[in-house]
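This report concerns only the one structure given below.
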Amino acid sequence: MIRFENVTKTYRRSSQPALNGISLEVERGEFVFVVGQSGSGKSTLLRLILCEVAATSGSVLVAGRELSRLPRRKVPALRREIGTVFQDFRLLPNKDVFGNVAFALQVLGKSRQAIKAVVPETLEMVGLAGKEKRLPHQISGGEQQRVAIARAFVNKPLILLADEPTGNLDPTTSLEIVRLLDRINRTGTTIVMATHDNGIVDQLRKRVLELDDGELVRDQMHGVYGGHR
Amino acid sequence: MGGIASMRVQFILSEIWVGLRRNLSMSISVALVTMVSVLFLGLGVLAQRQVDTMKDYWYDRVQVSIFLCTANSDLPNCSTGAVTDSQREEIRSQLDAMKPLVKNVFPESQQQAYNRLKSQYKDSSTYREITPAQMPESFRVQLSDPTKYDVITSAFIGAPGVGDVQDQRRILDPLFNVLRGLSFGALGLAALMVLCSVLLVATTIRQTAFSRRRETGIMRLVGASAFNIQLPFILETLIATLVGSALAIGILWALVRYGIGYLGKQLPINFITTADVWTVTPWLVGTAAGLAILTAWLTLRRYLRV
């Protein structure tokens, strides 16, 4: 589903590469934690998958596409295969819960009937049934992140990227959010979650990729946060 | 399929409505600056049409006058005294020979010239002392092609019995030149205003793109196409531009209908009418809309990466 082959990314005006010669493969339906300190390259890894930045060298393959050879006009189609969740939720403050999730379908030109069918179903799945009319500021942080997850998942993407999705949440809520991602993973969606929340990584015992200063220092099935270094 | 299309239209319209409302003061300023630039553009174009209208009208009536010698004329070619009958006949037959360039010949006697002068300046004391004998007799020559007046001038100037040859175009041309100059001035101002509106549209779109970066960011993430992301911005600009152009056209129409319409009743000159306003409207609106779309598109390419 995702394959990095000797990928290096150096940002302009930066002498050190953000990612240095990374090779990895994530299979369809996997759940992978990407761990590492701030600045270790976790976000760069996700941005490369989203085709927000291009690799300086090496090749990135996502959902059967070689991204360095993907023309710009085909990038939107790639992104429709990928859902994304962020630490800061990124909800539209003037739209209610339903509107925020529906927005993802509306901008893709989906019909009103399709939206009316799919959005409640997705809200139900993330545990927000009955809160459709609430505005983002009227619900808790955990609920806001559920809205963001619903929006990322409503289009049934192949891959769901989560960049520190629990960074703003308390431990209990964080665990609920990751359990929700786990449920989504069971529907067949590949999940890549960048985090430095060791409690969660230790509890879920999923595959762990550890980055340190742009290098991949660990790739462990059923790993824990600290690993054995 | 129809469902998809109507959903899209409805969604885009509601987004535009929200955008225009949220950005009301900027939208109004784009509309007003567009109004002023289209107004100047329209004034320039209409002034050009006014010159053309007057030219068509006057050049049809313009004549070359061949003034004949009078008994007491002090023109150098009239030293032999008043024109003789044979000289007059000679000039007449020469003019007949110059058809079809010469369309019509109207002979004007000294008495007719005197009457015309009197009727033109009936309130003026300047010409009170003048007598018919002082007025030159003339042939008024109408040409099929008024630009070829010099053919007549060179044929008759210095001919026996001819005092002077005058082309009325020479009198009208400075007037037309002034009008043309004014219209170019209006067009120059229009160019300046158009530049202003282009810069304002670019700035507005930059600001709007910035204030809506959350929405566009989400649109990008869920895979909306560049066209779908940019369309609301372009349509909002287009609506503001069209409102501004419509206001400008309204002002131009009122100026021509009531301003020039009033002048037309006072002066015996052919003026442009509101029909001329409608003729230039598609060009004015098209230019304003085209420029707005182009500016919006170029700005978005730069400031709204997809």
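Just so it is clear: chains get the letters A, B, ... in the order the sequence lines come, proteins before strands, and each one is counted from 1.
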Against chain B, residues from residues 92-100 of chain A with at least one heavy atom under 4.5 Å, in numeric order, are Leu92(A), Pro93(A), Asn94(A), Lys95(A)
Filtered by a 4.5 Å non-hydrogen cutoff, the part of residues 48-60 of chain A contacting chain B is Leu50(A), Glu52(A)
Within 6.0 Å of [atom1] in [X], more than 12 heavy atoms from elsewhere:
{"X": "Arg183(A)", "atom1": "CZ", "answer": "yes"}
{"X": "Phe227(B)", "atom1": "CZ", "answer": "no"}
{"X": "Lys116(A)", "atom1": "NZ", "answer": "no"}

Those residues at least two apart in sequence (or on a different chain) that pass side-chain contact (heavy atoms from CB on, under 4.5 Å) with Val18(B) are Arg22(B)
On a heavy-atom basis, the closest approach of Arg220(B) and Arg79(A) is O-CD, 3.2 Å
The complete set of side chain to side chain donor-acceptor pair (under 3.5 Å) pairs with one or both residues in residues 124-142 of chain A, sequence neighbours excluded, reads Lys131(A)-Glu143(A), Ser140(A)-Glu143(A)
Could you tell me whether the side chain of [Y] reaches within less than 4.5 Å of the side chain of [X], counting heavy atoms only?
{"X": "Val222(B)", "Y": "Asn155(A)", "result": "no"}
{"X": "Phe11(B)", "Y": "Lys110(A)", "result": "no"}
{"X": "Ile218(B)", "Y": "Arg151(A)", "result": "yes"}
{"X": "Thr84(A)", "Y": "Leu221(B)", "result": "yes"}

To the nearest 0.5 Å, atom CD of Gln106(A) lies from atom OG of Ser14(B) at 7.0 Å
So, the part of Leu105(A) with a heavy atom under 4.5 Å from chain B: the answer is neither
Bottom line for Ile82(A): the part with an atom under 4.5 Å from chain B's heavy atoms is backbone
Under the side-chain contact (heavy atoms from CB on, under 4.5 Å) rule, what do Phe103(A) and Glu15(B) come out as? Steps first, then yes or no, please. CA-CA 11 Å; Phe103(A) 187 73; Glu15(B) 288 294 298; 4.1 Å; yes
